[in-house]
There are 2 protein chains.
Amino acid sequence: MTVSIMLVDDHPIVRAGLKAVFTSFEDIEVIAEASDGAEALDVLQQVTQNGTAPDAVIMDLQMKPMNGIEACRAITQAGGPPVLVLTTFDTQSDIVAAVEAGALGYLLKDAPPQQVHDAVLATAAGRRTLSPHITEVLLDRMRTPAPDLSPREIELLQALATGATNKQLAKQLFISEATVKTHLVHIYSKLGVDNRTAAIGVAREMRLI
Amino acid sequence: MTVSIMLVDDHPIVRAGLKAVFTSFEDIEVIAEASDGAEALDVLQQVTQNGTAPDAVIMDLQMKPMNGIEACRAITQAGGPPVLVLTTFDTQSDIVAAVEAGALGYLLKDAPPQQVHDAVLATAAGRRTLSPHITEVLLDRMRTPAPDLSPREIELLQALATGATNKQLAKQLFISEATVKTHLVHIYSKLGVDNRTAAIGVAREMRLI
DNA sequence: TGCCCTATCAACCAAATGGTTGATAAGAGG
DNA sequence: CCTCTTATCAACCATTTGGTTGATAGGGCA
């Protein structure tokens, strides 16, 4: 019995690569494709109405106009097939966002074909698959407590990233310089850094801004 | 007559995809593969000694331990086959670095198969190929009064973006704090800003880092 | 040869930033 | 009711950063 899947990736080359890999294994069949999240939802609805819904969806993250996270959330909430995220990005925020959006598995694109094959079968069967590296990142996150910045702190961080001085931040946010400094101290301690530049770097990496 | 090429990419899936694409066109044949720059140089030397040197090399950039830029430079300087860079990254610094390293063409991985095919033939024939988007980025760079930072200044900027203090920058770059400050002042004036945070913002926007 | 650019370092001063303590007030939650 | 979080502000001090001036040295170019 073969497993039928749908590919969602904005790179034709990657889609061709996955198809080539699956063809060589012979127990996985690609029955649908899409090049972004919105198209994925359309196509999925069509094939589902035809009675040929895929057993799993392989989803990239970085796509325009609708990215993989949003598409994954939509599919999962609609009770669609299980989603295996296959991407190049391994930042904490990407991984966590994908898991929270309901992704069943998360694999990196540098994975060897055999591993991709196994992960697809696992996903179709409803089993979770996280590559070792991904698992490590998730454990790291649990070890270190969540960033959990307040809305006001995020606002300040956004303005901070534009290169504003404390005085300018005070004006922009209609507060005193003293308050700006207080917020900054809180942000630093929450992000585990000790200056504004590092804060921006960490915030960017965590996709907080 | 078929064109013979070598693939250098750390993702097995992408290599499979490229092979699948070229198989369908039938006038391009993949005769060698490597998964990073160092391996690429090894393999290239082997096949060249066998008298079966490829007509072109397709090279990814982000690879460990030796990246595509260094490999490209080595191949070009040794009078090897022409290199077509095929990558996901479109920052000014990547593009300029690749061109300076002697790459004949620069294509993004989201290019349609036909475009990849044409670019490979062009590269093998010694013609330059830049995808429209890449050309635009290069023109942008020429249009805007060239930030024109020195290599050392770029290096410093990269380290700066991680949130390092002047003292840490000095250690990382093996120079004194005084020198760090001198570089920073130059960077600020070239980018038209007056503090490190703004410098990073502008540099990011200009895709210098 | 002389000039400019890059890269390096030093000393000095003013301004910005970071760190601390302490305070007020509103709202959420046990 | 009490506590915690968030948001606001003040004063103080140490450290960092920014700005300036000046100096040395090598490479490239006219």
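Naming: A, B, ... by sequence-line order, numbering from 1 per chain. Keep in mind that this is a model prediction, so the values were computed, not measured.
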* **Donor-acceptor side-chain pairing of B:S176 and B:T179 below 3.5 angstrom** => yes

* A:E155 CD to D:dT6 C1', straight-line distance once rounded to whole Å -> 13 Å

* Asked: Quick one: is C:dA16 close enough that its OP1 or OP2 comes under 4.0 Å of any side-chain N or O from A:N166?
  -> no

* Structure fact -> Between NZ of A:K190 and C1' of D:dT5 the distance, given in whole Å, is 8 Å

* Structure fact -> Quick note, A:L184 side chain, CB onward, closest among C:dG18, D:dT8, C:dC9 is C:dG18

* Between C:dG19 and A:Y188, is there an OP1 or OP2 to side-chain N/O distance shorter than 4.0 Å? -> no

* To do: Name the closest nucleotide to the B:K167 side chain, picking from D:dT16, D:dG18, D:dA7.
  => D:dT16

* **Short side-chain donor-acceptor distance under 3.5 Å, B:Q114 and B:D118** => yes

* Asked: Roughly, in whole Å, what's the span from NZ in B:K181 to C1' in D:dT20?
  -> 10 Å

* To do: State whether A:E70 and A:R73 are salt-bridged, where the test is any N-O pair (Lys NZ or Arg NE/NH1/NH2 against Asp/Glu carboxylate O) under 4.0 Å.
  => no

* Less than 4.0 Å between a side-chain N and a carboxylate O, is that true for A:D9 and A:K109? -> yes

* To do: Report the distance from atom CG of B:L169 to atom P of C:dT8, rounded to the nearest whole Å.
  => 12 Å

* Do B:I154 and B:P151 have side chains that get closer than 4.5 Å, going by heavy atoms? -> no

* Structure fact -> Ranking C:dT8, D:dG18, D:dA10 by distance to the side chain of B:R196, first place goes to D:dG18

* **Whole-Å gap separating P (D:dT17) and CG (B:L156)** => 12 Å

* **5' precedence on DNA chain D between B:T197 and B:T182 (nearest-nucleotide basis)** => B:T197

* With rounding to the nearest 0.5 Å, note down the distance linking CG in B:L169 to CD1 in B:I175. => 7.5 Å

* When you measure from the side chain of A:R152, which nucleotide among C:dG18, D:dA7, C:dT20 comes out closest? -> D:dA7

* Asked: Between A:S176 and D:dC9, does any side-chain N or O lie under 4.0 Å from OP1 or OP2?
  -> yes

* **For atom CG of B:N195 and atom C1' of C:dA15, their distance in whole Å** => 12 Å

* **Nucleotide nearest A:I175 when distance is taken to its side chain, options C:dT20, D:dT8, D:dA7** => D:dT8

* To do: Could you check which of C:dT6, C:dC9, D:dC9 has an atom nearest any side-chain atom of B:A178?
  => C:dC9

* Structure fact -> With the side chain defined as heavy atoms from C-beta on, A:T179 is closest, among D:dT16, C:dC9, D:dT8, to D:dT8

* Asked: Under 4.0 Å between a side-chain N or O of B:H183 and OP1 or OP2 of C:dT8?
  -> yes

* Asked: C:dC9 C1' sits how many Å from B:E177 CD, rounded?
  -> 12 Å

* Asked: For the pair made of CD1 in B:I187 and P in D:dG18, what is the distance, rounded to whole Å?
  -> 11 Å

* To do: Test for a donor-acceptor pair under 3.5 Å between the base of C:dC5 and the side chain of B:S150, counting only N and O atoms.
  => no

